[in-house]
Amino acid sequence: DAGVIQSPRHEVTEMGQEVTLRCKPISGHDYLFWYRQTMMRGLELLIYFNNNVPIDDSGMPEDRFSAKMPNASFSTLKIQPSEPRDSAVYFCASSRLSQGGEQYFGPGTRLTVT
Amino acid sequence: QQQVKQSPQSLIVQKGGISIINCAYENTAFDYFPWYQQFPGKGPALLIAIRPDVSEKKEGRFTISFNKSAKQFSLHIMDSQPGDSATYFCAALANAGGTSYGKLTFGQGTILTVHP
């Protein structure tokens with residue numbers, strides 16, 4: 001299996017621009033998670049989906065952030081408008097209920113907002 | 001109550017030494033405790049995990065010790081190697097393996113450096 005795929009790997013954008021991060025989970029996994037990692041706040045869970053349905057978005061920082069999962073093999077995290085404080089590494093992870101808590105992480109997208 | 005507290009923040013060990021990282025939790029509903037290893041520029045990867053029905057789990061040089069009454073668990077890396085230099089995260093999950101599914105709550109991370 002190719003693992004969790006994320007794109008782009010790096011994104012540099014100016015404040016106010018819209019940013020879209022993409023994730024392809026491992027085939028057959030029924031949970032998908034979006035995390036944000038910064039030096040100050042560590043690894044934070046933003047939102048997660050089960051069978052394409054958002055279950056908990058309490059970690060989404062504010063209305064500028066939105067996430068969708070239109071099908072089992074694709075999810076997006078969108079920031080509009082972006083701000084410098086959104087600069088971080090964003091990870092997507094997926095798991096399968098039958099495997100308990102093991103989550104497989106993608107390589108991440110490093111976002112820089114200038 | 002959802003927090004997992006991890007210590008130390010950073011750790012320097014000589015090659016061949018033992019690395020020990022500790023975590024503590026409050027939520028007694030947690031029933032799955034994984035450790036993740038993250039190398040620079042990579043996503044975290046599952047290293048080893050334990051459930052509260054056992055007090056210890058060993059995989060190669062990596063051992064998790066679990067103390068249910070104290071609500072603490074730790075990672076021991078025996079014979080530490082320079083290749084073990086990475087950031088290590090403990091985590092905890094409630095209702096793992098059940099029909100519902102909780103969040104994976106991560107500790108703050110420990111940067112381990114193993115000197116040759």
Side-chain angles (χ1 to χ4, degrees), chain A residues 1-10 21 23-26 29-51 53-60 88-111, chain B residues 2-10 21 23 25 27 29-54 57 59 64 66 73 86-111:
Chain A
D1 202 315
V4 175
I5 299 172
Q6 291 186 247
S7 65
R9 293 294 313 277
H10 302 273
L21 311 181
C23 175
K24 177 179 170 57
I26 293 173
H29 282 192
D30 49 4
Y31 282 85
L32 184 138
F33 305 81
W34 281 102
Y35 291 90
R36 178 172 68 176
Q37 185 175 40
T38 61
M39 288 295 293
M40 289 295 294
R41 301 176 66 90
L43 201 56
E44 302 174 276
L45 177 65
L46 300 177
I47 184 172
Y48 74 97
F49 297 81
N50 175 221
N51 292 324
V53 176
I55 301 300
D56 187 340
D57 65 354
S58 60
M60 296 286 262
V89 181
Y90 291 81
F91 289 104
C92 175
S94 70
S95 69
R96 187 161 55 192
L97 179 60
S98 62
Q99 292 180 335
E102 182 169 358
Q103 295 184 14
Y104 295 82
F105 282 75
T109 295
R110 180 173 294 277
L111 173 65
Chain B
Q2 288 294 323
Q3 282 188 324
V4 176
K5 295 183 179 180
Q6 183 173 347
S7 63
Q9 277 190 306
S10 62
I21 305 170
C23 285
Y25 64 97
N27 187 353
F30 287 145
D31 59 1
Y32 175 75
F33 302 89
W35 284 88
Y36 281 78
Q37 180 187 55
Q38 184 179 25
F39 293 105
K42 304 290 186 182
L46 180 66
L47 183 64
I48 186 173
I50 196 169
R51 297 192 186 276
D53 53 344
V54 296
K57 183 174 182 180
E59 291 184 1
I64 299 178
F66 184 80
F73 58 109
T87 300
Y88 292 82
F89 294 93
C90 63
L93 178 70
N95 303 315
T99 54
S100 62
Y101 199 83
K103 301 176 190 179
L104 194 59
T105 302
F106 282 89
Q108 295 85 350
T110 297
I111 300 173

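The chains referred to below are lettered A, B, ... by the order of the sequence lines, with proteins before strands, and numbering in each begins at 1. Since we're looking at a predicted model, the values are computed, not measured.
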Heavy-atom closest pair, residues A:Phe91 and B:Lys42: CZ-O, 3.7 Å

CG-OH distance between B:Leu104 and A:Tyr35, expressed to the nearest 0.5 angstrom: 4.5 Å

Min side-chain heavy-atom separation B:Tyr32-A:Glu102 under 4.5 Å: yes

Spacing of OH belonging to A:Tyr104 relative to CG belonging to B:Leu46, to within rounding of 0.5 Å: 7.5 Å

Most contacts with chain A, counted as non-hydrogen pairs under 4.5 angstrom, among B:Ala45, B:Gly109, B:Pro44: B:Pro44

Proximity breakdown for A:Arg9 and chain B, heavy-atom pairs closer than 4.5 Å: side chain

Worked check of side-chain contact (heavy atoms from CB on, under 4.5 Å) between A:Gln37 and B:Phe89: CA-CA 12 Å; A:Gln37 185 175 40; B:Phe89 294 93; 3.3 Å; yes

Enclosure of B:Gln9 CD (heavy-atom neighbours >12, cutoff 6.0 Å): no

Engaged part of A:Ser58 at the chain B interface, taking heavy atoms whose separation is under 4.5 Å: side chain

